[in-house]
Amino acid sequence: MNYMEAALAVKDQILEDRHYLHRNPEVGFNLPETAQYVQKRLSEIGIDSQLCGGPISNEIREKFVFAGFPDMASSTGVVATIGKGEPCILLRADMDALPMVETPGLVEFTSEKQGAAHMCGHDTHVAMLLGAARILKEHEEELCGTVKLMFQSGEECGCGSKFMIEHGVLENPNVDAAFAIHVMSDQEKGTVNYTPGICSAAMDTFMVKIKGKGGHSSMPHQTIDPLMIANQLYTTLNLLASREIDPRETVALTAGKCGGGTASNIIPDTAELMVGIRTFQRDVTKHMTQRVPEIIDHTVEMWRGSHDTIAFHTPSTYSDEELCEELKTYIGQIVGEKNVKLAPCMAGTEDFGYVTDKVPGMFVTLGVGGKEHAPMHNPNMVVDEEMLPVGAAIHAKVAIEWLSAHCQK
C-alpha cells in the first residue's frame, strides 16, 4: 500500500475534522461534545467505539478546581479497535484544549468558545488518528492482529491517560506496544523527532493554600501574614535545587501562581502558591518530592500559619529503545530517512508516560511549521495543515507494519 496516497485521499475529511474540533474546544477531563463527535465519525467509518472513563473523585476534582480548571465530575475518553486477535498496538490521540484565548483572525475556524482554544495541537492529533482509522478500516482484512485507538481527555491536566488505564484501555485485548504523535509548530515541517529512553520531564505539582490571620496593615503584629509566608516559601523552594541536587542534573522549578489579598492596607486571611517541578532522573524526582513537602510544612509553621497542600505526579514518558529502532524505519519510509531525527529529551511533560510505564511505547513529534513560527501553547500558534495527512500515514504505517512483524502465525 502507498500510505501517503491513502492519507491524501482522505485529506479533506482530516481537515474537516480538525476545523470542527478547533471551533469547538473543550477543556479538562469531561469532553462530552468532543467524545460524541469522535464516536460519530468512527461509526461513519464502520468502527464501533466505547466511552472509557467514569466519575472523578472529589480529591482529584478539588486539585483542578484549585488549579483554575472547571469542576469536572467525570472523564470521557473514547476507545475503539480495528482487526482482531494478537498482537495489539495502541495509537494515542489527546482531545482536550487549553484554558486560554486564541488570537482572533489567525484562521477562519477560530475557537467559538470563550476561554478555550486548541493552541496545543490536540485537534490535529484527533483528526490525524481519525484519518488513520479510516485507512486501517479499509485494510482491516490485511491486519495481522488488533489496532486499538485511544482518544484521551485531560492530557493538559497531566493524568487523563491514567484514568483511561484505570478503566481498562490497555486490556481486552491487552496492549503489547503503543505509539503517539505530537505536532510541534516550531519544528521544521515534515521532520519527525524522537528520543530513545526518557523523552519528557516528570512533573510534580504542589498547590498550597496558606492560612494566616488577616487584619489591618498598620497592626501586622496582630496578624499572621500569609502573603509573607508565600514569599518566604517561594524563595526557600528556589534554593532547594541549587543546594541539594547535583549541578549536572536538571531541575526546573516554577511558581506559576502566587498571591492573594484585595488591597494594599489589608493583610488577608489566605494566600495561594502553585509550584511545578520538572525533573528527568527518578532519584532527583524522589528527592525533590520528599523535600518539598517538608519545606512547605516547616516554613509555614515557622511563621505560625497552617496550610492545605494538594500534590500530584506525572511520570516521564519513556520511549522503548528497541521499539524506536523498529518504528523509525517505518516512519522514515513516509517522511524520508533523513527527516527522522534524534532529539534531546523534551523539557515539557507528556502524560503518555502513564502508558509507557505499562507497555513499550514510542513518542514522536511531527514538525508542522518552523523556528520562525509561534511555539505551542501560544495564542498565535498555527500549523501547516499539509502535514496532517503525513501524521495519518505514519499512524497507519506504524500499526500495519508492526503488527505484520510481530504476528503470531
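By convention here, the first residue in the shown sequence is residue 1. The shown structure was predicted, so the numbers you read here are calculated from the model rather than taken from an experiment.
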Does the side chain of His406 pick up a donor-acceptor pair with the side chain of Asp176 at under 3.5 Å?
no
Could you measure the distance from the CD atom of Glu102 to the CE atom of Met100? Nearest 0.5 Å is fine.
8.5 Å
Only one of Val398, Ile331, Thr356 passes side chain to side chain contact (heavy atoms under 4.5 Å, CB included) with Met362, and that residue is Ile331
As a quick check of understanding, evaluate salt bridge (Lys or Arg N to Asp or Glu O under 4.0 Å) for Asp308 and Lys209, giving each step before the final call.
CA-CA 5 Å; Asp308 291 326; Lys209 187 170 185 176; over 6 Å; no
For the residue pair Ile181 and Thr365, establish whether any side-chain heavy-atom pair is separated by less than 4.5 Å.
no
Can you tell me how far apart NE2 (His395) and CD1 (Ile89) are? Round to the nearest 0.5 Å.
10.0 Å
With a 4.5 Å heavy-atom cut-off, do Ile295 and Leu240 have their side chains touching?
yes
Is it the case that the side chain of Lys148 and the backbone of Glu171 share a donor-acceptor pair, with hydrogens and angles ignored and the cut-off at 3.5 Å?
yes
Rounded to the nearest 0.5 Å, what separation is found between the CE atom of Met164 and the CZ atom of Phe151?
9.5 Å
Starting from the C-alpha separation in whole Å, work towards a yes-or-no answer on salt bridge (Lys or Arg N to Asp or Glu O under 4.0 Å) for Asp269 and Lys211.
CA-CA 6 Å; Asp269 277 327; Lys211 300 176 183 179; over 6 Å; no
Leu98/Val27 under side-chain contact (heavy atoms from CB on, under 4.5 Å): CA gap, chis, key distance, verdict
CA-CA 6 Å; Leu98 286 163; Val27 174; 5.9 Å; no
Can you tell if the side chain of Glu44 reaches within under 4.5 Å of the side chain of Gln39, non-hydrogen atoms only?
no
CA sep, side-chain torsions, deciding dist, call: Asp123, Arg18, salt bridge (Lys or Arg N to Asp or Glu O under 4.0 Å):
CA-CA 5 Å; Asp123 54 338; Arg18 193 262 167 140; 2.8 Å; yes
Met381 side, atom CE; Met119 side, atom CE - distance, nearest 0.5 Å:
4.5 Å
Taking the side chain as everything from C-beta on, heavy atoms only, tell me whether His118 gets closer than 4.5 Å to Ser111.
no
Does Thr124 use its side chain to pair, donor to acceptor, with the backbone of Gly121 at less than 3.5 Å?
yes
Result of checking Arg92, Met150, Gln152, Lys162 against Val355 for side chain to side chain contact (heavy atoms under 4.5 Å, CB included):
Met150
Stepwise salt bridge (Lys or Arg N to Asp or Glu O under 4.0 Å) check, Glu301 with Arg304
CA-CA 5 Å; Glu301 290 173 10; Arg304 299 181 297 130; over 6 Å; no
Taking all heavy atoms of Gly260 and all of Pro268, pick out the closest pair and write down the distance.
C-CG, 4.5 Å
Give a yes or no answer on whether the side chain of His19 reaches the backbone of Phe109 with a donor-acceptor pair at less than 3.5 Å.
no
Would you check if Thr34 and Asn24 make a side-chain contact, meaning some heavy-atom pair closer than 4.5 Å?
no
Keeping the roles fixed (side chain from Thr317, backbone from Gly353), state whether a donor-acceptor pair exists under 3.5 Å.
yes
Using side-chain contact (heavy atoms from CB on, under 4.5 Å) as the criterion, list what pairs up with Lys341, not counting sequence neighbours.
Glu188, Thr191, Asn193
Does the side chain of His122 come within less than 4.5 Å of His182's, by heavy atoms?
yes
Evaluate Glu156 against His377 for side chain to side chain donor-acceptor pair (under 3.5 Å), listing each step before the verdict.
CA-CA 11 Å; Glu156 295 296 347; His377 291 217; 3.2 Å; yes
Without swapping roles, check the side chain of Thr195 against the backbone of Ala343 for a donor-acceptor pair under 3.5 Å.
yes
side-chain contact (heavy atoms from CB on, under 4.5 Å) partners of Thr254, counting only residues at least two apart
none
Any side-chain heavy atom of Met346 within less than 4.5 Å of one from Phe363?
yes
With rounding to the nearest 0.5 angstrom, report the SG to CG distance, Cys120 to Asp94.
7.0 Å
Taking Asp384 first and then Lys189, would you say they form a salt bridge - that is, a charged N and a carboxylate O separated by under 4.0 Å?
yes
When you check the side-chain N and O atoms of Asn380 and Thr103, is any donor under 3.5 Å from an acceptor?
yes
Less than 4.5 Å apart, any side-chain heavy atom of Val382 and any of His373?
yes
Check Cys345 against Cys199 and note the closest heavy-atom contact, atom names and distance.
SG-C, 3.5 Å
Correct closest heavy-atom pair for Tyr318 and Ile198 would be CD1-N, 3.6 Å
Take Leu273 and Phe206, measure what side-chain contact (heavy atoms from CB on, under 4.5 Å) needs, and give me the verdict at the end.
CA-CA 8 Å; Leu273 181 68; Phe206 297 87; over 6 Å; no
Using a 3.5 Å distance criterion without hydrogens, assess whether the side chain of His167 forms a donor-acceptor pair with backbone atoms of Phe163.
yes
Side-chain donor/acceptor of Asp351 to backbone N/O of Ser161, under 3.5 Å:
yes
Quick check for you: to the nearest 0.5 Å, what is the distance between Ser217 atom OG and Ile266 atom CD1?
8.5 Å
In terms of heavy-atom contacts, Glu249 and Ile245 come closest through CB-CG2, 3.9 Å
Just distance, no hydrogens or angles: give the donor-acceptor pairs under 3.5 Å from side chains in residues 76-87, sequence neighbours left out.
residue	atom	partner	partner atom	Å
Thr76	OG1	Phe29	O	3.2
Thr76	OG1	Leu31	N	2.6

Using salt bridge (Lys or Arg N to Asp or Glu O under 4.0 Å) as the criterion, point out the one residue from Glu16, Glu385, Glu386 that pairs with Lys11.
Glu386
Is the backbone N or O of Ala374 less than 3.5 Å from a side-chain atom of Ser185, with the two atoms forming a donor-acceptor pair by type?
yes
For Asn231, does its backbone N or O pair with a side-chain atom of Thr235 as donor and acceptor, under 3.5 Å?
yes
